[in-house]
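All values below were derived from every heavy atom in this structure, side-chain atoms included, with hydrogens, water molecules and symmetry-related copies excluded.
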Amino acid sequence: MFDNNDENQLIEEVVEHEAEQDIVSDSEDATYEDRAETDELEKAPLSCSESSMDDDNEAPDDVDIDEVADTAIEVLQTILKPFEIGDITIDEYDGDEGELILDITGDDLAVLIGRHGRTLDSIQFLVSAIVRRKMGYRYPVVVDVEGYKSRQRQKIESIAKSAANRAVSQDRDVPMRPMTPYERRIVHIALRDDVRVETESEGEGSERHVVVKPR
């Protein structure tokens, strides 16, 4: 279990994560290098996070998945205690890209998602960072709430494919609505194998969005 120092570290990492989101992902004053780094993260697999892009400690070939899952669930349960959300169930399963998915189910869990999924993103950031610290290597962990991220991903993938079809049929660039870095990453990945189009993030701050362009 975590002591008070660990709880303080959690708070510090939440603040740091939110600062990274505001400064690197959304800042109007971001440098060219910052923007290039952010674009690289957006097009990385969904199981990657800001905390793992610069981490060379990949999981060993003989990784004990059960140990990783047990550690991740223990960390997640500790983080969730202050929310006082009552009885919950945490289901674990493997994702399409080899990540460990922890799906939380229970009553009235909207507080865990937050506006535009920002609270859920912060929870996932903390779980990933602490599990990496405990295990000594990085293993992709995704935290979901009653399939929220899964549903959002399917919805955004559908919108992205429609935008691609429109870009090709009309032979013009199609700008999508402003999205969070995670949502933009879904678009990039959904269309990365579509030889008809290419995607690029444009705009600043809360107006940053993906543009789908015909090749």
| Between CG on residue Asp107 and CG on residue Asp87, distance to nearest 0.5 Å | 8.5 Å
| task | Give the C-alpha distance, both sets of side-chain angles, the deciding distance and a yes or no for side-chain contact (heavy atoms from CB on, under 4.5 Å) between Leu126 and Val143. | result | CA-CA 10 Å; Leu126 288 174; Val143 179; over 6 Å; no
| Would you say Val211 and Val197 are hydrophobically clustered, going by side-chain heavy atoms of ILVMFWY under 4.5 Å? | no
| task | Quick one: list whatever passes side chain to side chain donor-acceptor pair (under 3.5 Å) with Glu202, sequence neighbours left out. | result | Lys213
| request: Enter the distance from Met135:CE to Asp64:CG here, rounded to the nearest 0.5 Å. | output: 7.0 Å
| Check: Gly203 main-chain N/O paired with Arg208 side-chain donor or acceptor under 3.5 Å | yes
| note | What one should report as the nearest heavy-atom pair of Ala163 and Val212 is CB-CG2, 4.0 Å
| query | Would you find a donor on one side and an acceptor on the other, under 3.5 Å apart, between the side chain of Ser162 and the backbone of Ser158? | reply | yes
| When Ile104 is tested against each of Thr89, Leu80, Leu120, Ile123 for side chain to side chain contact (heavy atoms under 4.5 Å, CB included), which residue passes? | Leu80
| Is the backbone N or O of Asp91 less than 3.5 Å from a side-chain atom of Asp103, with the two atoms forming a donor-acceptor pair by type? | no
| remark: CZ (Arg184) and CD1 (Ile189) are apart, to the nearest 0.5 Å, by 13.0 Å
| message | In the structure I gave you, are the side-chain heavy atoms of Ser201 and Met179 within less than 4.5 Å of one another anywhere? | response | no
| field | Set of side chain to side chain donor-acceptor pair (under 3.5 Å) partners for Glu84, sequence neighbours left out | value | none
| Cationic N near anionic O, under 4.0 Å, Glu157 to Lys161 | no
| request: Mind checking the CD-OH spacing from Glu99 to Tyr93? Nearest 0.5 Å is all I need. | output: 9.0 Å
| request: Tell me, please, which residues at least two apart from Pro178 pass side-chain contact (heavy atoms from CB on, under 4.5 Å). | output: Glu207
| message | Between Thr119 and Arg115 (side chain of the first, backbone of the second, donor and acceptor by atom type, cut-off under 3.5 Å), is there such a pair? | response | no
| request: For Ile65, check side-chain contact (heavy atoms from CB on, under 4.5 Å) against everything at least two apart and list the hits. | output: Val63, Tyr139
| said: Considering only residues two or more places apart or on different chains, which pairs with a residue in residues 140-152 satisfy salt bridge (Lys or Arg N to Asp or Glu O under 4.0 Å)? | reply: Asp121-Lys149
| Which pair of non-hydrogen atoms, one from Ala72 and one from Leu100, has the smallest distance, and what is that distance? | CB-CD2, 4.3 Å
| query | Shortest non-hydrogen contact from Gly95 to Ile101? | reply | CA-CD1, 3.7 Å
| message | Taking the side chain as everything from C-beta on, heavy atoms only, tell me whether Met176 gets closer than 4.5 Å to Thr199. | response | no
| message | Just verifying a value: how many Å separate Thr180 OG1 and Arg185 CZ, rounded to the nearest 0.5 Å? | response | 9.0 Å
| Listed by chain and number, what are the side chain to side chain donor-acceptor pair (under 3.5 Å) partners of Arg196, not counting sequence neighbours? | Asn165, Asp194
| query | In Å and rounded to the nearest 0.5 Å, what is the CG to CD1 distance from Leu191 to Ile186? | reply | 11.5 Å
| request: List the steps and the verdict of side-chain contact (heavy atoms from CB on, under 4.5 Å) for Ile88 and Phe83. | output: CA-CA 12 Å; Ile88 61 169; Phe83 287 92; over 6 Å; no
| Within a strict 4.5 Å, meaning less than it, do heavy atoms of the Leu76 and Val141 side chains meet? | no
| So, Arg132 side chain and Arg138 main chain: donor-acceptor pair closer than 3.5 Å or not? | no
